[in-house]
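Remarks on the structure that follows.
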2 protein chains.
Amino acid sequence: MNLKLTKKRQIILNTLKSHDGTLSANDIHKLLPEIDIVTIYRNLDLFTKEKIIKQINLGTNEAQYEYQQQPHHHALCSSCEKVIHFTAPDEKIRELLGLKDFQVDEIEVTVKGICSKSH
Amino acid sequence: MNLKLTKKRQIILNTLKSHDGTLSANDIHKLLPEIDIVTIYRNLDLFTKEKIIKQINLGTNEAQYEYQQQPHHHALCSSCEKVIHFTAPDEKIRELLGLKDFQVDEIEVTVKGICSKSH
DNA sequence: CGCAATATGCAAATCAGTTGCATATTTATT
DNA sequence: AATAAATATGCAACTGATTTGCATATTGCG
């Protein structure tokens, strides 16, 4: 697989990089209407496979994508639907899980609840 | 909301109860071809709202459902695609997360890696 | 520059999940 | 047990996200 650094590819990635939070394919298309939605999908898949970005699926209708700064977790507010990002001591959590016969590559903690603004 | 205990509703729930692991709407429809897929969707939504079952979303194309025995977490093997269930000390994990301004209702830990049979 | 490989756009397809509506089943009430 | 109101089901058709096929355009190497 020999990837090319096309203009549109860079624009899509920069949009994700500079955006604080997650974006769906559609969100990106709204920001970049000059790029076909299919191209956006193909590049998001590509970046995800290359682990440049992360696809997150919180059970909403659309998949969300974010530039992978440092691994972190997500809290979904059931009231305002906002996604909050937070980090946690993954190593300590891994120890608590006690998965002896499983080679853990990635831990993702998803929290559901109510954010400070909503209660 | 006044629910009725219909035959098909019971059959769908029993299928989930007796199945060890998760099932998608489609999986259930294959097991119960006599029940319309729409009825299955509607009942899965209902059971989920009533917290009788749990909808889990591992980033695959279809949502998965499972009868809610006791809350637990999931590990997805990237090699064999099997879903492993495990429990963890949720209270201790919650403390590690340090989400001060967020009312945590539910913690879900999803692990990705390789299971013992696959490495 | 010229060519081969890869990317893009458009149209059309697919796939999961949802909705409208007519009919059937359940449950509370006689 | 019969009736009526409420709720559930099936079918067809729809929606919205994502994917695929194919012709054309762009990129990167020699």
Side-chain angles (χ1 to χ4, degrees), chain A residues 1-17 19 21-67 74 76 78 81 83, chain B residues 1-17 19 21-67 74 76 81 83 110:
Chain A
M1 200 196 321
N2 230 338
L3 303 187
K4 290 182 179 174
L5 202 59
T6 62
K7 280 183 186 180
K8 301 194 169 179
R9 182 160 291 167
Q10 290 177 74
I11 294 171
I12 294 169
L13 188 54
N14 283 334
T15 301
L16 278 163
K17 267 191 195 177
H19 182 85
T22 65
L23 290 171
S24 68
N26 244 305
D27 293 337
I28 297 173
H29 188 236
K30 273 174 205 146
L31 294 171
L32 307 170
E34 74 276 16
I35 302 179
D36 196 282
I37 185 81
V38 177
T39 300
I40 293 172
Y41 273 115
R42 282 197 269 235
N43 278 297
L44 289 174
D45 283 355
L46 190 72
F47 295 150
T48 303
K49 275 183 196 128
E50 298 292 321
K51 312 244 179 206
I52 298 168
I53 64 171
K54 191 168 178 189
Q55 186 192 61
I56 52 178
N57 216 305
L58 296 172
T60 48
N61 47 345
E62 298 176 299
Q64 298 287 320
Y65 299 86
E66 67 184 12
Y67 182 70
H74 300 95
L76 178 65
S78 318
E81 295 279 312
V83 177
Chain B
M1 202 194 320
N2 231 338
L3 303 186
K4 288 182 180 174
L5 202 59
T6 63
K7 280 184 186 179
K8 302 195 168 175
R9 182 161 291 168
Q10 291 178 72
I11 293 171
I12 295 170
L13 188 55
N14 283 334
T15 301
L16 279 163
K17 267 192 194 176
H19 181 86
T22 66
L23 290 171
S24 67
N26 244 303
D27 293 337
I28 296 172
H29 188 235
K30 274 174 204 145
L31 293 170
L32 307 170
E34 74 275 15
I35 301 180
D36 196 282
I37 185 80
V38 178
T39 300
I40 293 172
Y41 274 116
R42 283 197 269 233
N43 278 297
L44 290 175
D45 283 357
L46 189 73
F47 295 150
T48 303
K49 275 182 198 130
E50 298 293 320
K51 312 248 182 203
I52 298 167
I53 65 172
K54 191 170 179 188
Q55 185 191 61
I56 53 178
N57 217 306
L58 296 171
T60 49
N61 44 348
E62 297 176 301
Q64 298 287 321
Y65 298 86
E66 68 184 12
Y67 182 69
H74 301 94
L76 179 64
E81 295 280 313
V83 178
T110 304

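These values consider heavy atoms only, across backbone and side chains, with no hydrogens, waters or symmetry-generated copies. Letters A, B, ... are given to chains in the order of the sequence lines, protein chains preceding strands, and every chain is numbered from 1.
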- Query: Within this structure, what is the CD-to-C1' distance between E50(B) and dT7(D), rounded to whole angstrom?
  - Reply: 14 Å
- Item | Interatomic distance, D36(A) atom CG to N43(A) atom CG [nearest 0.5 angstrom] | 11.0 Å
- Query: What is the distance, rounded to the nearest whole Å, between atom CD1 of I11(A) and atom P of dT27(D)?
  - Reply: 11 Å
- Separation of N57(A) CG from I56(B) CD1 (nearest 0.5 Å): 12.0 Å
- Message: It should be established whether R9(A) places a side-chain nitrogen or oxygen under 4.0 Å from OP1 or OP2 of nucleotide dT6(C).
- Response: no
- Message: I need the Q55(A) CD to D45(A) CG distance, nearest 0.5 Å.
- Response: 7.5 Å
- Message: Each nucleotide in nucleotides 17-30 of chain C should get exactly one letter: B, S or -. Can you fill that in based on protein heavy atoms under 4.0 Å?
- Response: BBBB-----BS---
- Message: Can you measure D27(B) atom CG to dA16(C) atom C1' for me and round it to whole angstrom units?
- Response: 13 Å
- Message: Exactly one of K30(B), H29(B), Q64(B) should register a side-chain contact (heavy atoms from CB on, under 4.5 Å) with S24(B). Which one does?
- Response: Q64(B)
- Could you check how far CD1 of I28(B) sits from P of dT9(D), rounded to whole Å? 13 Å
- Note on the structure: K49(A) NZ to dT6(C) P, in whole Å, measures 14 Å
- Item | From Y65(B) atom OH to T48(B) atom OG1, the distance as rounded to the nearest 0.5 Å | 5.5 Å
